[in-house]
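What follows is a set of notes on a single structure, which appears directly below.
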2 protein chains.
Amino acid sequence: MGKDLSYKDKKVITIGIVRDLTGLSERQIRYYEERKLIFPERSAGGSRKFSFSDVELLMDIANKIEDGVQTHEIRKEMLREQKKQNQEDIRRKMIQGQLNAQFGMRKNQ
Amino acid sequence: MGKDLSYKDKKVITIGIVRDLTGLSERQIRYYEERKLIFPERSAGGSRKFSFSDVELLMDIANKIEDGVQTHEIRKEMLREQKKQNQEDIRRKMIQGQLNAQFGMRKNQ
DNA sequence: TAACTTTGGGAGGAAATCTGACATAGTTTT
DNA sequence: AAAACTATGTCAGATTTCCTCCCAAAGTTA
C-alpha cells in the first residue's frame, strides 16, 4: 500500500550537507522553508532533514532567485505546477478506476 | 570523465539517520567501520557521512551477524565478492578497449 | 586459560543545528 | 516619499548530534 519512496525522496540529509551540495547559505535554505518553497522533515530533536529532491528543487530556486524572481512568485509557479500535476493524476486514476470496475484489472498496466 | 555517481552512492547521511534507517546502534555502526566493513567519508569537522549503499550494506551485515557470522568472515566474503567484480570489470574494459581500437567506437554500446 | 569478538554505556569535548533578534540594502506598495 | 516588504548576513545562547577514548561484560575461539 504505502509506496516505498525511492532514495530520491527520502528525507535524510542535514542542512550542512545541503549547504555544501547547493552552495546556498543555511540562512537562505531556512528562509526558503519559511516562504514555503521547501518542506524538510524534522528529527526528534528538531533538526531539519532534506531529500535529494529538495536539493534539486533548491538549485532550481537558486536559479530563479538569480534571475530576479521573488519567492512568492516562485511559490505561485510551484502551486500552479502542482495543481496541473494533481489533475493529471486524478484523471489517470479515474480512467484506471473505470477499467478496474469494468474488467477487474490488477494494479498498473 | 568522472562519472557523477548516483544518489545511491553519495555520502550524505549522518550516523544518527543511519541508526534510524537500519535499527543498529551507533556503537555497532562505528565498530563495523573499525572492522573495515564500511567506509564512510568525513565532514571537515570529522562527522561520518554515509550513502544509501552503505545503509543497504549495513542491513546485509546485520543479517549475517544475526546468523552468527563474525566480522572478519564477512570482510573476507566482501573481498572475494569485490575481487570477482573487479575481474569482470577488467574483462569488460579490455573487450571495450579492443573494440575502440579496431573501430573507434564511442562510449558505451 | 588467554586472547579475541561484540556491544553497551559513560565522560568530556567539539561540531552542527536551532530559534530569535538586529541590521541593511534593495524593491514594492501606498 | 514614507512605509512596508524582500532577501540575506551575522551574532548570541541554547540544544542536539557527533566524536574519541575508555572500561566492562558476556560469549567465542585459539
Side-chain angles (χ1 to χ4, degrees), chain A residues 10-55 57-80, chain B residues 10-55 57-80:
Chain A
K10 277 224 157 186
K11 306 268 188 174
V12 296
I13 314 181
T14 51
I15 197 167
I17 308 265
V18 174
R19 167 176 38 66
D20 295 345
L21 292 176
T22 60
L24 295 168
S25 69
E26 296 183 19
R27 184 67 172 84
Q28 287 175 304
I29 297 167
R30 296 198 185 100
Y31 182 64
Y32 301 150
E33 178 189 17
E34 189 183 321
R35 302 317 303 273
K36 301 196 188 307
L37 303 184
I38 45 172
F39 303 92
E41 293 180 358
R42 297 291 182 130
S43 75
S47 296
R48 270 165 268 252
K49 298 187 298 179
F50 302 84
S51 66
F52 281 113
S53 291
D54 292 329
V55 171
L57 186 48
L58 279 169
M59 301 204 293
D60 291 350
I61 292 168
N63 284 334
K64 290 180 182 162
I65 295 277
E66 256 187 281
D67 294 350
V69 186
Q70 292 195 333
T71 53
H72 89 281
E73 255 314 311
I74 298 176
R75 176 153 165 74
K76 269 194 243 165
E77 284 176 28
M78 283 175 47
L79 289 178
R80 269 194 299 267
Chain B
K10 277 223 156 188
K11 306 268 189 174
V12 295
I13 314 180
T14 51
I15 196 167
I17 309 263
V18 175
R19 168 178 34 67
D20 295 345
L21 291 176
T22 60
L24 295 167
S25 69
E26 295 184 19
R27 185 69 173 82
Q28 286 175 304
I29 298 167
R30 296 199 185 97
Y31 181 65
Y32 300 150
E33 178 189 17
E34 188 184 322
R35 303 314 304 271
K36 300 195 188 308
L37 302 183
I38 45 172
F39 302 91
E41 293 179 359
R42 297 289 182 131
S43 75
S47 296
R48 271 166 266 252
K49 298 186 298 180
F50 302 84
S51 66
F52 281 113
S53 291
D54 292 330
V55 171
L57 185 49
L58 278 169
M59 302 203 296
D60 292 349
I61 292 169
N63 284 333
K64 291 181 181 163
I65 294 277
E66 255 187 282
D67 296 350
V69 186
Q70 291 195 333
T71 53
H72 89 281
E73 255 314 312
I74 298 177
R75 178 155 163 72
K76 269 194 244 165
E77 284 177 28
M78 283 174 46
L79 289 178
R80 269 195 298 267

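Each chain gets a letter, A, B and so on, in the order the sequences are listed, and its residues count up from 1.
Under 4.0 angstrom from either OP1 or OP2 of dA7(D) there lies at least one side-chain N or O belonging to Y31(A). Regarding contacts with the backbone of dT17(D), every side-chain N or O of S47(B) stays at 4.0 angstrom or more from both OP1 and OP2. An OP1 or OP2 oxygen of dA7(D) is reached within less than 4.0 angstrom by no side-chain nitrogen or oxygen of Y32(A). A sub-4.0 Å separation between OP1 or OP2 of dT20(D) and a side-chain N or O of R42(B) is present. Between R48(B) and dA16(C) there is no side-chain polar atom (N or O) within less than 4.0 angstrom of OP1 or OP2. Under 4.0 angstrom from either OP1 or OP2 of dT17(C) there lies at least one side-chain N or O belonging to T14(A).
A donor atom on one side chain and an acceptor atom on the other are not found under 3.5 Å apart for Y31(B) and R27(B).
Look at CD on E34(B): it is 14 Å from P on dC4(C), rounded to the nearest Å. Rounded to an integer number of Å, the gap from I65(A) CD1 to dG26(C) C1' is 14 Å. Look at CD1 on I61(B): it is 11 Å from P on dT7(C), rounded to the nearest Å. Here the P atom of nucleotide dT17(C) and the CD atom of E33(A) are 14 Å apart, to the nearest Å. Between the C1' atom of dC4(C) and the CZ atom of R75(B) lies a distance of 17 Å, rounded to the nearest Å. Distance CD1 (I15(B)) to C1' (dT16(D)): 15 Å, rounded to an integer number of Å. Atom CD1 in I38(A) sits roughly 14 Å away from atom P in dA7(D) (whole-Å rounding). Atom CD1 in I13(A) sits roughly 16 Å away from atom C1' in dA16(C) (whole-Å rounding).
Looking at every heavy atom in both residues, L37(B) comes nearest to L57(B) through O-CD2, 3.6 Å. Nearest heavy-atom pair, F39(B) versus K36(B), reported as atom, atom and distance to 0.1 Å: CZ-O, 3.3 Å. Taking every heavy atom of both residues into account, R19(A) and L24(A) meet most closely at CG-O, 3.2 Å.
When each of dT27(C), dT5(C), dT20(D) is scored by its nearest atom to the side-chain atoms of T71(B), the top-ranked nucleotide is dT5(C). Each of dT29(D), dC18(C), dA7(D) was ranked by its minimum atom distance to the side chain of Q70(A); first place goes to dA7(D).
Rounded to the nearest 0.5 Å, atoms CG (N63(A)) and CG (D60(A)) are 6.5 Å apart. The distance from atom CZ of F52(A) to atom CG of L21(A), rounded to the nearest 0.5 Å, is 7.0 Å.
Residues A44(B) and H72(B) each lie close to DNA chain C; by heavy-atom proximity, the contact nearer the 5' end of the strand is made by H72(B).
Of the charged side-chain nitrogens involved, at least one lies within less than 4.0 Å of a carboxylate oxygen, so that K76(B) and E73(B) count as a salt-bridged pair.
Within residues 19-30 of chain B, the residues approaching DNA chain C are S25(B), R27(B), Q28(B), by heavy-atom distance under 4.0 Å.
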